[in-house]
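Reviewing the structure listed below.
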Amino acid sequence: MSEARFKKIISHAKEYGFVFPSSEIYDGLSAVYDYGQNGVELKNNIKNYWWASMVQIHENIVGVDAAIFMHPTVWKASGHVDAFSDPMIDNRDSKKRYRADVLIEDYLAKIEGKIEKEVAKGHKRFGADFNEEQFRSTHPNVLRNKEKIDAVNQRMKNALDENNLADLKKLIEDLEIACPVSGSKSWTEVRQFNLMFETEMGSLAEEASAVYLRPETAQGIFVNFLNVQKTSRLKIPFGIAQIGKAFRNEIVARQFLFRMKEFEQMEMQYFVKPGTEMEWYDYWKEQRMNWHKQMGFSEKKYRLHDHLKLAHYANAACDIDFEFPIGFKELEGIHSRTNFDLASHEKFSGKKLQYFDSEENKSYVPYVVETSIGLDRTFLAVISESYCEEKLEDGSTRTVLKIPPFLTPVKAAVFPLVKKDGLPEKAKEIMDKLKFDFNCSYEEKDTIGKRYRRQDAIGTPFCITVDHQTLEDNTVTIRERDSMKQERIPTEKIAGILEEKVSLKKVLTC
Ligand code: GAP
């Protein structure tokens, strides 16, 4: 866990036009953010990667774009009105409100940190001979801490399962957890708070009726299940995908894009024959993990984590956790949602939401396996993992975002060496040819060195410099971001090199 690194990433994201606090001139709005000129490009590229992998290359998965406002009964049927709440606890001295389970999870993360420190010490001491597996299963400090984690997890699970809020508070007291702001252990009772934002629809007060801002995109898929199935004639198993905004009245402090009040989800509901859902659950777990790994970050950064407490709709669920600078936390959820949602919408709407299986010659309510990933969390994972401060041979340092090339905001920057002698015109001519296939940027200010640094800071994989020799033999210098190697190539080769290195198709087909 690195608070200092997290702060650096947040300020880098702001300085280089990725993420700004919302309405900053009015001092911002808690847990709400705007994406800037580079942020929106990175975000769109992540969306395209997800959409291409889930919809475009699967013949049996289609997309929808449902409205954010939905009939209020949707949220009654889905269980959100009655059960979409978090157990919250207030600290009397700081007046700060926390999620009780998150306070306990943060406590456990610290013990987990102690285990990792012990393992790192072992690595240092025994070098190449170190047997990590054996060390983890025999070292007394590791075992003691592991036992403690298991015991606390079990107590928390029991309290959450039984909705025993008094026990949850007792656990916080027994563990002597203090408020991170005031350091005080003076806690209120734990209470459940609903996370949905409510507003009114209708122009006159007497006509107005309460509606919610959707807290997940999934319900827009469920209520359209029959519309899509009938108009697409898809046969089970098939999927419906959606990318869109979701809103939750989260109580958070200093978590940046990790936990926001307005965020975007990329969700896919896969409708399957009852009884086959576990097969598909395993299938999607593997597929989704592969999707993450294809971005090329260290595999150690990801881990699968089975849910201790299942949501009201699930018979199995797991998270793909990612090691953010604030520790290992949920990036994506994969849930076997049974037929809970469709069956419940049948009950509340009085409409049949069934599928006629011609092979079985019968109708049934399909079961659903869901994959649900936060777009903003994926964005945070990408920039956190890409952020590097490198010491160079000349003693200087450079900050570079080693974003996977197929996701970078800009694919190539084109520079004239100087602002005269026809070099800007030639550089623009090259840029004009490339810009229809690749997002490019043109820069003529400052030294080439400074221009390289600026492009490194936003992750641009290639910089192309036009100089006087270009006018003679039509060659340019191409410089690669990570190796900083420069090569002289004919201009007609630029597009091919970019295509080879930044293409999404390559990632999708490997
Ligand atoms: N339809 C299922 C569902 O919404 P979830 O685990 O509550 O499940 C799915 O949310 C994903 O949405 C999470 O794994 C996370 O990436 C993202 N997410 C949830 N709440 C978020 C928030 N407040 N800010 C940013 N991302 C969030």
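Note that ligands are numbered from 1 as they come in the structure, with each ligand's atoms numbered from 1 the same way.
Here the shortest heavy-atom distance to atom 5 (P) of ligand 1, taken over Arg248, Glu370, Met260, belongs to Arg248.
A salt bridge links Lys43 with Glu264; the closest basic N to acidic carboxylate O contact falls under 4.0 Å. Note on Lys7 versus Glu3: no salt bridge recorded, every NZ/NE/NH1/NH2 to OD/OE distance being 4.0 Å or above.
The nearest protein atom to atom 17 (C) of ligand 1, hydrogens excluded, is given as Gly374 CA, 3.6 Å; this is a heavy-atom distance. Shortest contact from atom 9 (C) of ligand 1 to any protein heavy atom: Ser372 OG, 2.9 Å. For atom 12 (O) of ligand 1, the nearest protein heavy atom (residue, atom name, distance) is Gln265 NE2, 3.3 Å. Regarding atom 15 (C) of ligand 1, its nearest protein heavy-atom neighbour is Arg377 NH1, 3.4 Å. Of the protein's heavy atoms, Glu330 OE2, 2.5 Å lies nearest to atom 14 (O) of ligand 1. At the top of the distance list for atom 8 (O) of ligand 1, counting protein heavy atoms only, stands His335 CE1, 3.7 Å.
For ligand 1, the atoms closer than 4.0 angstrom to any heavy atom of Glu332 are 14 (O). Within ligand 1, the atoms closer than 4.0 Å to a non-hydrogen atom of Glu216 are 1 (N), 2 (C), 3 (C), 4 (O), numbered from 1 in the order shown. The contact set between ligand 1 and Arg337, taken as ligand atoms under 4.0 Å from a residue heavy atom, comprises 1 (N), 2 (C). When each atom of ligand 1 is checked for a heavy atom of Glu267 under 4.0 Å away, the hits are 1 (N), 2 (C), 3 (C), 4 (O). Atoms of ligand 1 found under 4.0 Å from any heavy atom of Phe258 (numbered from 1 in listed order, with element): 24 (N), 25 (C), 26 (N).
Using a 4.0 Å cut-off between heavy atoms, Asp319 makes no contact with ligand 1 at all. With a 4.0 Å heavy-atom cut-off, ligand 1 is reached by the side chain of Glu250 but not by its N, CA, C or O. If you look at Glu262 next to ligand 1, there are no close heavy atoms at all, none under 4.0 Å.
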Applying ring-ring contact (aromatic ring centres under 6.0 Å, His included), run through Phe197 and Tyr212 and close with a yes or a no.
CA-CA 6 Å; Phe197 283 103; Tyr212 300 100; over 10 Å; no
Report the C-alpha distance between Ile326 and Phe258 in whole Å, list the side-chain angles of each, state the deciding distance to 0.1 Å, and finish with yes or no for side chain to side chain contact (heavy atoms under 4.5 Å, CB included).
CA-CA 9 Å; Ile326 47 173; Phe258 182 78; 4.1 Å; yes
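Geometric assessment of Arg214 against the ring of Phe69 yields a negative cation-pi assignment under the 6.0 Å and 45° thresholds. Stacking of Arg97 on the aromatic ring of Phe193 is recorded, both the 6.0 Å distance cut-off and the 45° axial limit being met. The side-chain tip of Arg288 does not point at the ring of Trp284 from less than 6.0 angstrom away and within 45° of straight on.
For Glu173, the CD atom sits in a packed shell: over 12 heavy atoms of surrounding residues, nucleotides or ligands are nearer than 6.0 Å.
Lys261 does not count as a contact of ligand 1, since none of its heavy atoms falls under 4.0 Å from the ligand.
Defined by atom type and a distance below 3.5 Å, a donor-acceptor pair is missing between the side-chain atoms of Asn315 and Thr338. Between the side chains of Gln192 and Asp86, no donor-acceptor pair of N or O atoms lies under 3.5 Å.
Ring pair Tyr49/Trp291: centre-to-centre distance below 6.0 Å.
Looking at ligand 1, you'll find an N or O of Leu331 within less than 3.5 Å of one of its N or O atoms. Inclusion of Phe263 in the set of residues having an N or O under 3.5 Å from an N or O of ligand 1 is not warranted.
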